[in-house]
There are 2 protein chains.
Amino acid sequence: MEKLDAIAALAALAQGTRLDVFRLLVQAGTDGMPAGQIGERLDLPSATLSFHLNQLRHAGLVTFRREGRSLIYVAEYAAMNGLLAYLTENCCQGDASACGIGVCDGSALINIKKGPVQ
Amino acid sequence: MEKLDAIAALAALAQGTRLDVFRLLVQAGTDGMPAGQIGERLDLPSATLSFHLNQLRHAGLVTFRREGRSLIYVAEYAAMNGLLAYLTENCCQGDASACGIGVCDGSALINIKKGPVQ
DNA sequence: TCCATATTTCCAATATCGTGGAAATATGGA
DNA sequence: TCCATATTTCCACGATATTGGAAATATGGA
């Protein structure tokens, strides 16, 4: 992950509403959640929610797919793992693999890969 | 780590100059680095550097100690580990320990603790 | 085609951030 | 005490972020 990508991801998450949205999507897993349902859960006006979803999308932290009239937003686990890897890249005298950074792919526990990010 | 602490840490790191400063201090390890040397390395005006060091300090990401006329800034590894733990807290259907989040304490490799953050 | 629903875009107002020159403060040494 | 060095505080400017009402757009169904 490049520095500018890391900054974009950090800035996107450094905001209460967006952190709430992202964590909700992380919990929702790979099924994702329609925008309307996110707004309902977090009690957000549609324009406000749309703005924040766009920020998260531009930062690469979420994607979406259309299903009928709904747009289903999904957390981008690879981006989160990349951010964790970037933050720990300079730890441990440069031997990031020594940190054993965990990864999450959003699916069932049996699918979770162990070991350092590539 | 509480939500507001996480947001403060994310916001502090979501800025090019501060990310540079923090990573420099992470590399410097527990010895830290005097403010003047940080400014020299990153070519920053003293007022600008001071402002950013303050932001990092308020976010709990760095501390400092005085040594003569110099203030030695040091990365706060616990805060970084707390942030990583917070970000992955909602992964894996709530079983964060399954992610095996790595930790770094800034000292030699032999001191690195393995396993999930408490 | 017409309507209801889901979501986005447009817009303006307010608030906060990042920058760096200049002055102030703290420390140590002569 | 006086000076040099290290760093911070003060200040003001321009840039960027957050908010939400209102209007626009897209989709699906009757």
Side-chain angles (χ1 to χ4, degrees), chain A residues 3-25 28 31-76, chain B residues 3-25 28 31-76:
Chain A
K3 178 179 167 183
L4 288 181
D5 298 322
I7 290 176
L10 289 164
L13 294 175
Q15 205 281 328
T17 303
R18 283 195 297 268
L19 191 53
D20 288 341
V21 170
F22 183 71
R23 283 159 66 90
L24 189 58
L25 289 176
D31 286 349
M33 190 179 286
Q37 195 174 325
I38 299 172
E40 209 169 78
R41 286 272 220 111
L42 302 178
D43 193 29
L44 295 171
S46 56
T48 300
L49 173 61
S50 188
F51 169 77
H52 288 302
L53 285 172
N54 243 312
Q55 302 287 114
L56 288 169
R57 197 158 55 78
H58 281 123
L61 289 167
V62 307
T63 55
F64 69 91
R65 64 177 190 274
R66 181 174 281 281
E67 252 175 47
R69 277 178 288 201
S70 293
L71 297 186
I72 315 282
Y73 281 84
V74 190
E76 192 68 39
Chain B
K3 177 179 168 183
L4 288 181
D5 297 324
I7 290 176
L10 289 164
L13 294 175
Q15 206 281 327
T17 303
R18 284 194 298 268
L19 191 53
D20 289 341
V21 170
F22 183 71
R23 283 158 68 89
L24 188 59
L25 289 176
D31 287 348
M33 189 180 287
Q37 196 175 323
I38 299 172
E40 209 169 80
R41 287 275 218 108
L42 302 179
D43 193 30
L44 294 171
S46 57
T48 300
L49 174 62
S50 188
F51 169 76
H52 289 301
L53 284 172
N54 244 311
Q55 302 286 114
L56 288 169
R57 197 159 55 79
H58 281 124
L61 288 166
V62 307
T63 55
F64 69 92
R65 64 177 189 274
R66 180 174 282 280
E67 251 175 49
R69 277 179 287 201
S70 294
L71 298 186
I72 315 282
Y73 281 84
V74 190
E76 192 68 41

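In the text below, chain A, chain B and the rest are named by the order of the sequence lines, each starting its count at 1. Fair warning: this is a prediction, and the values are worked out from it, not measured in the lab.
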Report the distance from atom CZ of B:F22 to atom CD of B:E76, rounding to the nearest 0.5 Å.
-> 9.0 Å

Whole angstrom value for the distance that separates P of C:dT9 from CZ of A:R57 = 7 Å

Should A:V74 and A:R65 be marked as a side-chain contact (heavy atoms from CB on, under 4.5 Å) after you check the CA-CA gap, both sets of side-chain angles, and the distance that decides it?
-> CA-CA 8 Å; A:V74 190; A:R65 64 177 190 274; 3.6 Å; yes

Can you measure from CZ (B:R66) to CG (B:L71) and round to the nearest 0.5 angstrom?
-> 4.5 Å

Between C1' of C:dT9 and CG of A:L49, the distance in whole Å | 14 Å

Specify the separation, in whole Å, of atom CG of B:D43 and atom C1' of C:dG20.
-> 13 Å

I would like to know whether A:Y73 and A:T63 meet side-chain contact (heavy atoms from CB on, under 4.5 Å); could you show each step before the answer?
-> CA-CA 6 Å; A:Y73 281 84; A:T63 55; over 6 Å; no

Rounded distance (nearest 0.5 Å) linking atom CD of A:Q15 with atom CG of A:D20 = 8.5 Å

Under a 3.5 Å cut-off on both pairing distances, which runs of 3 or more consecutive Watson-Crick or G-U pairs involve DNA chain C?
-> C:1-30 with D:1-30

Send over the distance from B:L10 CG to D:dA17 C1', rounded to a whole Å.
-> 16 Å

How close or far is atom P of D:dA26 from atom CG of A:L71, stated in whole angstroms?
-> 12 Å

Apply side-chain contact (heavy atoms from CB on, under 4.5 Å) to the pair A:F64 and A:R57, showing each step before the final yes or no.
-> CA-CA 8 Å; A:F64 69 91; A:R57 197 158 55 78; 3.4 Å; yes

Could you check how far NE2 of A:H58 sits from C1' of D:dA17, rounded to whole Å?
-> 15 Å

Tell me: CZ of B:F64 to C1' of C:dA26, nearest whole Å?
-> 12 Å

Give me the one residue out of B:V62, B:L61, B:L53, B:L56 that meets side-chain contact (heavy atoms from CB on, under 4.5 Å) with B:R18.
-> B:L56

Considering only nitrogen or oxygen atoms on both sides, find all protein atoms under 3.5 Å from nucleotides 14-19 of chain C and state each distance.
residue	atom	partner	partner atom	Å
C:dG18	OP1	B:R18	NH2	3.1
C:dG18	OP2	B:R18	NH1	3.0
C:dG18	OP2	B:R18	NH2	3.3
C:dT19	OP2	B:H52	NE2	2.3

In this structure, CD of B:Q37 is separated from CD1 of B:I72 (nearest 0.5 Å) by 8.5 Å

Any side-chain heavy-atom pair of A:P45 and A:T48 under 4.5 Å | yes

Can you name the atoms? Protein N/O to nucleotides 28-30 of chain C N/O, anything below 3.5 Å, with the distance.
none

Tell me whether the OP1 or OP2 atom of C:dT9 has a side-chain N or O from A:N54 closer than 4.0 Å.
-> yes

At under 4.0 Å between heavy atoms, what does A:S70 touch on the DNA or RNA strands: base, sugar-phosphate, or nothing?
-> sugar-phosphate

What is the distance from atom OG1 of B:T17 to atom CG of B:D43, rounded to the nearest 0.5 Å?
-> 11.0 Å

Please work out if A:Y73 contacts a base, only the sugar-phosphate, or nothing of the nucleic acid, heavy-atom cut-off 4.0 Å.
-> sugar-phosphate

Straight-line distance of B:L19 CG to A:K3 NZ, nearest 0.5 Å | 6.0 Å

Spacing between B:L44 atom CG and D:dA6 atom P, to the nearest angstrom = 16 Å

